[in-house]
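This report concerns only the one structure given below.
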Amino acid sequence: MKSDAVKKGMQQAPHRSLFNALGFTKEEMEKPLVGIVSSYNEIVPGHMNLDKIVEAVKMGVALAGGVPRVFPAIAVCDGIAMGHIGMKYSLVTRDLIADSTEAMAIAHQFDALVMVPNCDKNVPGLLMAAARINVPTIFVSGGPMLAGHVKGHKTSLSSMFEAVGAYSAGKMTEEDVTEFENFACPTCGSCSGMYTANSMNCLTEVLGMGLPGNGTIPAVYSERIRLAKQAGMQVMELWRRNIRPRDIITEDAIRNALTIDMALGCSTNSMLHLPAIAHEIGMDFEIAEANAISEKTPNLCHLAPAGPTYMEDLNEAGGVRAVMAEIQKLGLLHTECMTVTGKTVGENIADAVNKNPEVIRTVDNPYSTTGGLAVLKGNLAPDGSVVKRSAVVPEMMRHTGPARVFECEEDAIDAIKSGKIVEGDVVVIRYEGPKGGPGMREMLNPTSAIAGMGLGSSVALITDGRFSGASRGASIGHVSPEAAVGGPIALVEEGDLIEIDIPNLTLNVKVSEEELAARKAKWQPREPKVTTGYLARYSSMVTSANRGAILEIPKQ
């Protein structure tokens with residue numbers, strides 16, 4: 001056992017004295033030591049139930065012959081952090097989570113791990129850590145929130161943000177907004193649409209690191225507790241068979257995840273997290289590869305914010321397995337990949353059934369013949385940009401309009417809510433990238449304001465920042481290179497015509513190469529917005545969004 005390094009032999013007598021201080025018995029010292037990484041806290045709705053999940057996991061581990069010990073991981077609620085300085089601290093926690101988990105797991109020589117995340121950065125952060133540590137590991141999330149109900153319709157957090165925009169436009173009363181406020185988020189769990197948290201929990205299942213149901217069983221269902229117990233027991237089987245994360249998270253598994261990402265219509269943030277996870281297994285992930293996969297992968301689901309269905313509906317329709325089985329009718333998955341069930345992807349989905357073709361469309365009746373995400377390139381984004389194509393209305397798939405340029409999110413929101421943005425405009429928000437932000441804030445407030453004010457079918461938004469999975473419309477993020485390093489988005493001037501062509505995967509500013517070169521010659525780097533603390537260190541080490549905003553030691 002790996003943990004023998006801290007339990008066996010005369011040199012480890014001091015270590016054993018400390019285990020005695022923990023209350024370990026002689027019998028426990030003979031068994032595998034299983035770390036349970038708990039993201040539980042009392043400030044994130046998706047994490048407030050994780051204490052119950054962790055207790056169920058502990059019971060499962062003990063039932064199967066392991067000794068469970070819990071240690072924590074931090075978590076930020078993106079919704080609460082949205083629209084202010086707190087959002088600078090969202091993406092950056094992914095690396096804190098990965099690093100701190102690596103430190104705890106290796107320092108204490110755990111034999112196996114159970115990861116218990118739920119929200120946006122915890123899932124990819126713990127997947128990154130799992131690949132680094134590479135001891136038998138399984139994931140069990142806290143599960144999605146049930147949809148809210150307002151005026152007889154299901155709703156979710158994205159509707160709540162859009163309600164604020166509608167109020168600003170005089171389309172909703174304060175009483176209407178209050179009703180949304182009280183009923184949009186009715187239970188614990190990760191917010192109920194196909195936002196980033198649920199995207200990543202579903203993709204964890206596709207990658208093979210979570211048991212079937214990990215991505216979709218609602219947080220409040222007792223079935224989620226049973227799943228947690230099963231995960232605790234199954235990690236001991238993984239330990240006995242020595243099945244490790246790098247046996248599961250392979251290049252083919254990453255491609256499976258990207259394929260189902262397209263079918264589900266996941267958050268654009270998956271195009272930050274999948275490259276970062278791939279980096280941990282030594283895979284050079286080029287985001288433009290997404291287009292080749294998208295070209296042959298139909299989009300089968302329109303969950304909120306793209307459509308009227310929610311995670312509970314996907315669960316009842318058969319969950320992620322049913323989507324995978326539907327896609328495999330086209331032979332698009334690598335079915336030989338190993339998973340935490342101890343079986344292959346093909347074996348896991350062999351008996352999956354699509355119980356509701358209205359929620360999970362069949363491959364011969366898709367929402368579109370191409371996938372939910374697209375990577376756009378051009379003179380405005382030479383290294384790429386990302387759009388959630390499945391959430392763009394048809395009339396905005398091609399759009400040309402004048403640039404309305406803002407140096408930060410707050411200035412753009414003020415302009416939108418004061419009526420200064422009109423039909424046809426292309427809102428450009430820059431210096432919000434991984435390095436320039438720093439932290440690459442999500443732009444849910446401006447996209448929601450645009451939608452709420454009735455401009456969603458006529459106004460586009462382009463940024464070197466990123467978008468919440470709750471954003472919809474012609475929202476193009478991850479523009480690379482970012483403004484802070486002199487990318488072309490830094491050179492755009494007010495009134496420049498910007499041409500968006502999603503079907504042809506292009507994003508261009510209608511300015512000559514000579515003019516762009518002249519502007520580039522005059523451009524000067526800006527002073528860093530933050531010069532102390534973690535954000536300053538992050539800014540000095542973070543790479544471009546097209547590489548997953550991973551951290552690298554700067555070259556001397």
Side-chain angles (χ1 to χ4, degrees), residues 73-76 78 81 85-103 120-129 131-132 196 200 267-287 375 381-386 407-409 429-443 462-468 476-490 523 525-556:
I74 62 168
V76 164
D78 279 20
I85 191 173
M87 182 45 68
K88 293 180 184 289
Y89 285 88
S90 169
L91 177 60
V92 304
T93 64
R94 185 188 71 185
D95 297 273
L96 284 175
I97 291 160
D99 293 348
S100 60
T101 302
E102 173 194 353
D120 298 33
K121 309 309 166 302
N122 300 82
V123 184
L126 291 179
L127 283 165
M128 290 162 67
R132 282 186 209 169
T196 306
M200 293 311 301
S267 163
T268 52
N269 281 314
S270 64
M271 294 302 291
L272 278 176
H273 301 321
L274 286 176
I277 295 161
H279 176 74
E280 297 293 343
I281 64 165
M283 178 183 179
D284 186 13
F285 186 106
E286 166 52 52
I287 63 167
V375 174
D383 293 337
S385 61
V386 182
E407 310 301 313
C408 66
E409 177 189 8
I429 305 177
R430 62 192 180 192
Y431 292 97
E432 290 284 8
K435 187 178 292 292
M440 202 180 182
R441 288 194 287 182
E442 288 184 340
M443 302 290 159
I462 295 171
T463 181
D464 54 6
R466 61 196 178 95
F467 295 107
S468 165
I476 301 167
H478 307 202
V479 171
S480 301
E482 63 174 289
V485 297
I489 191 171
W523 178 83
R526 298 193 172 196
E527 289 296 317
K529 294 178 184 176
V530 181
T531 57
T532 60
Y534 177 54
L535 285 181
R537 296 197 302 277
Y538 181 89
S539 179
S540 71
M541 298 174 68
V542 71
T543 64
S544 176
N546 68 296
R547 297 187 57 208
I550 59 174
L551 299 187
E552 288 185 337
I553 299 172
K555 292 182 174 64
Q556 299 299 319

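All heavy atoms count here, side chains included; hydrogens, waters and symmetry mates do not. What you see is a predicted model, and the numbers here were worked out from it, not measured in a lab.
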Flag side-chain contact, heavy atom, 4.5 Å: L91 against Y538: yes

Minimum heavy-atom separation for [X] to [Y], with atom names?
X: M128; Y: D95; result: CE-OD1, 3.7 Å
X: L272; Y: H478; result: CG-CE1, 3.5 Å
X: S90; Y: T93; result: O-OG1, 2.7 Å
X: A484; Y: W523; result: O-CH2, 3.7 Å
X: M87; Y: D78; result: CE-O, 3.4 Å
X: S270; Y: P275; result: O-CD, 3.8 Å

For the backbone of [Y] and the side chain of [X], can you confirm whether one donor and one acceptor N or O come within less than 3.5 Å of each other?
X: Y431; Y: K529; answer: no
X: N122; Y: I74; answer: yes
X: E432; Y: E409; answer: yes
X: S539; Y: K435; answer: yes
X: T101; Y: A98; answer: no
X: T543; Y: I550; answer: yes
X: K121; Y: V92; answer: no
X: T463; Y: I429; answer: yes
X: N269; Y: S468; answer: no
X: D464; Y: A483; answer: yes

Value rounded to 0.5 Å, distance of [atom1] in [X] from [atom2] in [Y]:
X: L274; Y: L127; atom1: CG; atom2: CG; result: 9.0 Å
X: M440; Y: F467; atom1: CE; atom2: CZ; result: 9.5 Å
X: H279; Y: E552; atom1: NE2; atom2: CD; result: 5.5 Å
X: R526; Y: R430; atom1: CZ; atom2: CZ; result: 6.5 Å
X: F285; Y: M271; atom1: CZ; atom2: CE; result: 4.5 Å

Set of residues satisfying salt bridge (charged side-chain N to carboxylate O under 4.0 Å, His left out) with respect to R466, sequence neighbours excluded: E442

Set of residues satisfying salt bridge (charged side-chain N to carboxylate O under 4.0 Å, His left out) with respect to E482, sequence neighbours excluded: none

